Amino acid sequence: MKKFIHDFEVTLNDKISNDCFVLYLKCPVSLPTILPGQFAEILVGNSSEAYLRRPFSIYDVDYQKNELSLLIKEVGKGTLALSKLKIGETLNLVYPLGNSFSIPPGNKALLVGGGVGIAPMLLLSKVLNEKGKQPDVLIGGRSKNDILEPEKYTVYGNLFVTTDDGSMGEKGMVTQHSVFAEKISEYSQIYACGPDPMMKAVAKVAASQNIPCEISLENTMACGIGACLCCVVETVDGNKTTCIEGPVFNTKKLIL
Amino acid sequence: MKKFIHDFEVTLNDKISNDCFVLYLKCPVSLPTILPGQFAEILVGNSSEAYLRRPFSIYDVDYQKNELSLLIKEVGKGTLALSKLKIGETLNLVYPLGNSFSIPPGNKALLVGGGVGIAPMLLLSKVLNEKGKQPDVLIGGRSKNDILEPEKYTVYGNLFVTTDDGSMGEKGMVTQHSVFAEKISEYSQIYACGPDPMMKAVAKVAASQNIPCEISLENTMACGIGACLCCVVETVDGNKTTCIEGPVFNTKKLIL
Amino acid sequence: MPDLSVNIHKLQLKNPVMSASGTFGYGLEFDDFIDVNKLGGILTKACTSKNRDGNKYPRMAETPSGMLNSVGLQNKGVDYFIETIYPKIKHYDTHIIVNVSDSTVEGYMEVAEKLNPLEKITGIELNISCPNVKEGGMAFGTSCPMAGTVTKAVRSVYNKTMIVKLSPNVTNISEIAKAVEDEGADSVSVINTLLGMAINAEKRKPILSTITGGLSGPAIKPIALRMVWQVSKAVKIPVIGLGGISNATDAIEFLLAGATAIQVGTANFVDPQVCIKILDGIDEYCNRHGIKNVNELIGALEC
Amino acid sequence: MPDLSVNIHKLQLKNPVMSASGTFGYGLEFDDFIDVNKLGGILTKACTSKNRDGNKYPRMAETPSGMLNSVGLQNKGVDYFIETIYPKIKHYDTHIIVNVSDSTVEGYMEVAEKLNPLEKITGIELNISCPNVKEGGMAFGTSCPMAGTVTKAVRSVYNKTMIVKLSPNVTNISEIAKAVEDEGADSVSVINTLLGMAINAEKRKPILSTITGGLSGPAIKPIALRMVWQVSKAVKIPVIGLGGISNATDAIEFLLAGATAIQVGTANFVDPQVCIKILDGIDEYCNRHGIKNVNELIGALEC
Ligand SMILES: Cc1cc2nc3c(=O)[nH]c(=O)nc-3n(C[C@H](O)[C@H](O)[C@H](O)COP(=O)(O)OP(=O)(O)OC[C@H]3O[C@@H](n4cnc5c(N)ncnc54)[C@H](O)[C@@H]3O)c2cc1C
Ligand SMILES: Cc1cc2nc3c(=O)[nH]c(=O)nc-3n(C[C@H](O)[C@H](O)[C@H](O)COP(=O)(O)OP(=O)(O)OC[C@H]3O[C@@H](n4cnc5c(N)ncnc54)[C@H](O)[C@@H]3O)c2cc1C
Ligand SMILES: Cc1cc2nc3c(=O)[nH]c(=O)nc-3n(C[C@H](O)[C@H](O)[C@H](O)COP(=O)(O)O)c2cc1C
Ligand SMILES: Cc1cc2nc3c(=O)[nH]c(=O)nc-3n(C[C@H](O)[C@H](O)[C@H](O)COP(=O)(O)O)c2cc1C
Ligand code: FES
Ligand code: FES
């Protein structure tokens, strides 16, 4: 897929929780097709401390408006600067990068996201829905406040929630949710993105049930385009670049 | 004089010419007394490229409003970033720094400024006026557009102008202005700030007439508070720091 | 239109702008962003005698105005390069120079010897300065005898343009430059990365799997510029300058300091179009200053 | 409240935060901004045997996340220091350590010998690493025999705490550290500035009057951290870490890498209150991590 570099215009910077915000960005030309799981490398022009670009999954795409959005959690200097962007300011993106989630072999799929790791699942649930598949989305968080924009997923499929403190949905970790006990065999594929322990737990259940499982990795990156070899992950076929051969990997191929 | 470090609030960023702007800055506490010729070291927080503070003369002070202003010319990365500051943003200042212009022995004084070098002359003309002196201000520039906010000086004294192209005032360099030919002996002191050749020319005339002359230097600085010894100027008494022992020097003391 | 062409030994470059090894893949990664053929040359990522997996992840850390990397020469080896990669890149209408690395003198010789017949590989760059491998690498570049030995050995099996890439992690880089010049280097690249380290204070652990790594980016530009200036006064062969170059002004500073050509590394990550912008900027500078031939700028610093 | 005190040889510091030589004047310059007595110590600007005018202006150039300086040891000489400056600073309730420089071994000895009796000067820091003087300076710090010789000579005339400040412009800093340890240094400061250069491309001239200068600031932090880590493994005497420290996290990284105390240099220019902010930040870090004594952090990096 051809990659682009464009100056996008911020049309909205929507603070959706204590430390998360969604940037809506308008493309100056016609948006190319963006696949679920792909990401963009953002130049943080308004920070004196962030030198390299920062990678973020593409959260949603609106081809009609020529806009894409990013769901970002403030964790450091770059994301802090991005959180301060105002409407009308420009942001330089290199995109769309990486491979993408595959279409499930069967009809039903389970999409699991932990915290801000949910970001790539919105576009995935949308695309699966468009292809006539049934995406069930399961979001996990420490508490209610970590369950980001849940209403957006119900447009495309069922929504399940777990929280550590039980303030929303079922109490416990995602893999303790009743879908795992009751419906797991219905799914032809499982997708996960979030903290490492969560992805490992999901991968383990999937393996035990013999269900294909894809996860999206967030390795630190310098270039995002396969030029630096900094972002590698060990696979059964040797080192692979997360930015080109990932960020989506079938868990069978990874050495977890 | 005690130095301070404060976060000022931008109350206005007034673009007054193609490449010059005046920042009006409100002090969070009561402004200390600021002498004409003193300067501030500004932290350019909104630039990814300007690491050290940037020095600027204090252009004007309004003790009632608790505001001071800076007249800045965009010449590089730091001043470019400052030109983009918006109302309500904060700016960190270390101030007031340096010595100051001395009060003239007699009644009349000539204040000469070239281009943005005029900055310290506004506060000087104001203070001289307050002290019952008669400041004549002579501003030189390449053309009309370089004569910045001339109306501000006429409040405190006479205004004379020269431009290289004759588009305003007399045509020629400042030292070619008729005040030099006709009135020079009336002045008990001459002050100058601007490009080096201009200051040298003024100093030469002053010396020939035996009139005391003070100029304000713009040596590059790292600290502004006498700690680094980067800003030195050669004087007849050895190296002096421009930031503490200057920026104002009697031209007799300098090796020009 | 100023004449931008420069000569590095037998190589006539269209212009002095090249991409640095390990930061530009094999050029292909940048096809979507720029016309790679416009460059003076491209330096491929390191090529070793055998397949190397490189170091464990994490391999990079951001630092103020720079980054540390500890990739560790990951590549599939020279045979794979010749069979699989060379056919994909030989169409480029620019100089393709292979960065040659290894842990032993014999390894360097093997790679160079195998590359010698490849028509479109018009030169090699001996990397005797990689700080990210346990054996060989930087050790070759930090002593005159070692640097001389590997240069001489490779020279004996390679008859096209041989550039030697120097390590900045030395007391006296001019001496090393002279040592490799004496043993037959046709040019020197100055500089490779500086050895650095990054720590995660919260976790109390090094950020890189290798603890230390190579520092690159704008942070090192003043050091690189100084070394290019020193080396270009010490040797007669052309010097290729690199280290932190991010825009045309930086590039011109290196030319003035004595570099005949320059390489752009880390800046490619921040802006994949930066090489072309630098090229355009040099052109603009020459026009503005009435410079007809870019060679007029080389070493033209007025001290 | 964590115990922040640390020991550098015989000196007990209230806390590990000191100001670096040449960036903090004599402390007095910062009285308007902070309570200097709160610091673990202050390193005065260089003191030489005779008056020195330093280098010609311009003496500084900004660089990405750093700066170059070529002040060149401007000071009025040791006698002036003793007569005029010492009385003004001896009231400080913190360790005042004088940075001692010169062009000859005899010069170093003269300064040290004259400072020895001053009660409130509890130690000296031998600057064998200044890149900005034609003679002596860095030359002393870039070879083991030279570094050893000057250390030994000064040791013979100075019996209080003697710190030796090392140059990073060397192939192997650990060797130099061991050489000065062997000759009686009580501690080493790591690092002084890296030799760099800046050019004004439009004017085609060097920016500094001396062409090259010393690079400092955040840009060099990764290199400094690596050297502190290497040196602290090589010697038994305490290491004082510096180079680019701008906040408490930076300071903690240096402690973890093996520094017993740290110095803050260029960052004082950007924020004259930074030393106190670093001190407060170390305190906060210790509280948050349940660290009762800051010594627990020294060299506590888990590799
Ligand atoms: C393919 C990909 C997709 C991503 N998608 C999203 C997304 O949709 N939304 C989102 O909020 N974040 C996403 N991330 C993570 C995001 O890139 C980092 O959070 C961001 O770069 C941090 O920048 P910073 O300057 O704020 O943090 P820094 O100041 O650089 O670091 C702050 C802290 O964050 C940690 N950190 C930095 N980078 C990463 C990383 N890549 N992964 C994990 N921890 C890191 C650092 O170790 C440090 O502890 C993605 C990462 C990748 C590789
Ligand atoms: C005491 C003092 C008072 C000053 N008062 C004013 C003032 O009132 N208004 C105003 O506009 N400027 C003033 N200056 C100059 C101002 O500090 C510089 O223009 C500014 O620091 C440039 O910052 P920059 O990041 O935009 O430029 P940079 O990107 O750092 O440099 C751009 C160009 O400007 C040149 N330059 C940088 N600093 C200086 C300097 N100190 N003197 C001359 N040239 C320089 C550089 O060599 C370079 O060519 C004063 C300087 C001093 C020392
Ligand atoms: C991720 C990365 C990988 C690199 N790999 C190599 C390499 O394989 N061989 C080599 O000689 N230099 C390698 N380098 C060094 C660069 O070619 C260059 O010398 C250095 O980065 C300084 O230039 P810069 O500041 O422009 O990046 C690498 C640098 C980076 C950042
Ligand atoms: C303007 C300036 C002057 C300096 N003068 C001295 C000096 O006189 N003696 C010395 O040992 N180091 C001197 N140094 C080096 C600093 O003490 C310190 O080693 C170096 O700047 C690295 O630390 P930093 O990055 O925190 O500034 C000077 C540094 C600067 C920036
Ligand atoms: S981030 Fe550079 S290769 Fe993946
Ligand atoms: S700018 Fe530091 S002493 Fe003047």
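A note on names: the letters A, B, ... follow the listed sequences, proteins ahead of strands, and every chain is numbered from 1. Excluded from the calculations below are hydrogen atoms, water molecules and symmetry mates; all remaining heavy atoms, backbone and side chain alike, are included. Remember, it's a predicted structure, so these values are computed and weren't measured experimentally.
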Candidate polar pairs, chain C side and chain D side, donor-acceptor under 3.5 Å:
{"unit_1": "C/S65", "atom_1": "OG", "unit_2": "D/S65", "atom_2": "OG", "d": "2.5"}
{"unit_1": "C/T171", "atom_1": "N", "unit_2": "D/T171", "atom_2": "OG1", "d": "2.9"}
{"unit_1": "C/T171", "atom_1": "OG1", "unit_2": "D/T171", "atom_2": "N", "d": "3.0"}
{"unit_1": "C/T171", "atom_1": "OG1", "unit_2": "D/T171", "atom_2": "OG1", "d": "3.2"}
{"unit_1": "C/L195", "atom_1": "O", "unit_2": "D/R226", "atom_2": "NE", "d": "2.8"}
{"unit_1": "C/L195", "atom_1": "O", "unit_2": "D/R226", "atom_2": "NH2", "d": "3.1"}
{"unit_1": "C/M197", "atom_1": "N", "unit_2": "D/P222", "atom_2": "O", "d": "3.0"}
{"unit_1": "C/A201", "atom_1": "O", "unit_2": "D/Y285", "atom_2": "OH", "d": "2.6"}
{"unit_1": "C/E202", "atom_1": "OE1", "unit_2": "D/R288", "atom_2": "NH1", "d": "2.8"}
{"unit_1": "C/E202", "atom_1": "OE1", "unit_2": "D/H289", "atom_2": "NE2", "d": "2.9"}
{"unit_1": "C/E202", "atom_1": "OE2", "unit_2": "D/R288", "atom_2": "NH1", "d": "3.3"}
{"unit_1": "C/E202", "atom_1": "OE2", "unit_2": "D/R288", "atom_2": "NH2", "d": "3.1"}
{"unit_1": "C/R204", "atom_1": "O", "unit_2": "D/E302", "atom_2": "N", "d": "2.9"}
{"unit_1": "C/P222", "atom_1": "O", "unit_2": "D/M197", "atom_2": "N", "d": "2.9"}
{"unit_1": "C/R226", "atom_1": "NE", "unit_2": "D/L195", "atom_2": "O", "d": "2.9"}
{"unit_1": "C/R226", "atom_1": "NH2", "unit_2": "D/L195", "atom_2": "O", "d": "3.1"}
{"unit_1": "C/Y285", "atom_1": "OH", "unit_2": "D/A201", "atom_2": "O", "d": "2.6"}
{"unit_1": "C/R288", "atom_1": "NH1", "unit_2": "D/E202", "atom_2": "OE1", "d": "2.8"}
{"unit_1": "C/R288", "atom_1": "NH1", "unit_2": "D/E202", "atom_2": "OE2", "d": "3.3"}
{"unit_1": "C/R288", "atom_1": "NH2", "unit_2": "D/E202", "atom_2": "OE2", "d": "3.1"}
{"unit_1": "C/H289", "atom_1": "NE2", "unit_2": "D/E202", "atom_2": "OE1", "d": "2.9"}
{"unit_1": "C/E302", "atom_1": "N", "unit_2": "D/R204", "atom_2": "O", "d": "2.9"}

Q) What residue in C/G196, C/A219, C/P222 has the most heavy-atom pairs under 4.5 Å with chain D? A) C/P222
Q: Go through the atoms of D/A61 and report whether side chain, backbone, both or neither lie under 4.5 Å from a heavy atom of chain C.
A: neither
(Q) Counting only non-hydrogen atoms closer than 4.5 Å, does D/L194 touch chain C with its backbone (N, CA, C, O), its side chain (CB onward), both, or neither? (A) side chain
Q. D/L215 versus chain C, heavy atoms under 4.5 Å apart: side chain, backbone, both or neither?
A. side chain
Q: Determine the minimum heavy-atom distance between D/A198 and C/L225, stating which atoms define it.
A: CA-CD2, 4.2 Å
Q | side-chain contact (heavy atoms from CB on, under 4.5 Å) partners for C/A177, two or more places apart | A | C/L166, C/V231, C/V235
Q) When heavy-atom pairs shorter than 4.5 Å are enumerated against chain D, which of C/I220, C/L301, C/L255, C/V228 gives the highest number? A) C/L301
**Q.** Contacting region of D/L297 [heavy-atom separation from chain C under 4.5 Å]
**A.** side chain
Q: Might you point out which heavy atoms bring D/A201 and C/I252 nearest each other, and give the distance in Å?
A: CB-CG2, 4.0 Å
Q. Taking side chain as C-beta onward, heavy atoms only, is C/L195 less than 4.5 Å from D/I223?
A. no
